[in-house]
Structures are given as structure tokens and as C-alpha cells.
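Step one of this worksheet: look at the structure below.
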Amino acid sequence: MESLLICLAIGWLIAKFEPLHWVIDAIFMKFEAKFMQYVHASFGCWKCTSFWTTLVITGNIGHAALVSMVAYLITQWIQD
């Protein structure tokens, strides 16, 4: 359970931490392919980064889906 919370926090850090986005923006500005623009946009989505971060760290798609769903629920809770 603790590792899933860590994955959720890392996903938030990647999606919302501005100094990290300066680096991500600088890297992706070099590419002009449409596919790379979609990849760049996914770095701003907390649900997407939580899913992929958890999948890379744990290798378990069930855990990745659970962490992504929790990120979605928290996002919806904050918006209301």
C-alpha cells in the first residue's frame, strides 16, 4: 500500500511540479512530430503520469489502474 502512495506522489510530482516542466518543455520543443506532442501533453495529466509511473515501477497493470483511478478521484474531489 505504501508503494502505491509513493507512486501517486511521484505521478503528481511529474505532472504538477513546474521546475520539472521547464526541463520537459525544453526537451519536447525539439520534436515536431504530432506523436511527440501527445506524449508531451500526457506529462501534464496527473492521471496519465500516475498510471505510467506505477506501471514502470511495479510492473503491475492492476496497481497502475488503481493509482490512476485514485488520482482521478482526487482530481474530481478537488474540482467540486
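Everything numeric here is computed off the predicted structure, so don't read it as measured data.
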When hydrophobic residues are tied together by side-chain contacts of less than 4.5 Å, even through go-betweens, does [X] share a cluster with [Y]?
X     : Y     : result
Val70 : Trp46 : yes
Met69 : Trp12 : yes
Phe17 : Ile6  : yes

Would you say Ile10 and Ile57 make side-chain contact, with heavy atoms under 4.5 Å? yes

Counting only heavy atoms from other residues, nucleotides and ligands, does the tally under 6.0 Å from CG of Leu5 exceed 12? yes

Report the C-alpha distance between Trp22 and Ile27 in whole Å, list the side-chain angles of each, state the deciding distance to 0.1 Å, and finish with yes or no for side chain to side chain contact (heavy atoms under 4.5 Å, CB included). CA-CA 9 Å; Trp22 296 337; Ile27 291 170; over 6 Å; no

Any donor-acceptor pair under 3.5 Å from Ser68 side chain to Ala64 backbone: no

Looking only at atom types and distance, does a side-chain atom of Thr49 sit under 3.5 Å from a main-chain N or O of Gly11, one as donor and one as acceptor? yes

Working note: Leu8 + Ile74, criterion side chain to side chain contact (heavy atoms under 4.5 Å, CB included); need CA distance, chi angles, decisive distance, verdict. CA-CA 11 Å; Leu8 188 66; Ile74 292 171; 4.1 Å; yes

What's the separation between atom OG1 in Thr58 and atom NE2 in His63, rounded to the nearest 0.5 Å? 6.5 Å

For the student: nearest non-hydrogen atoms of Leu66 and Leu4, plus distance: CD2-CD1, 3.9 Å

For Val67 and Ser50, the nearest pair of non-hydrogen atoms, with its separation, is CG1-CB, 3.8 Å

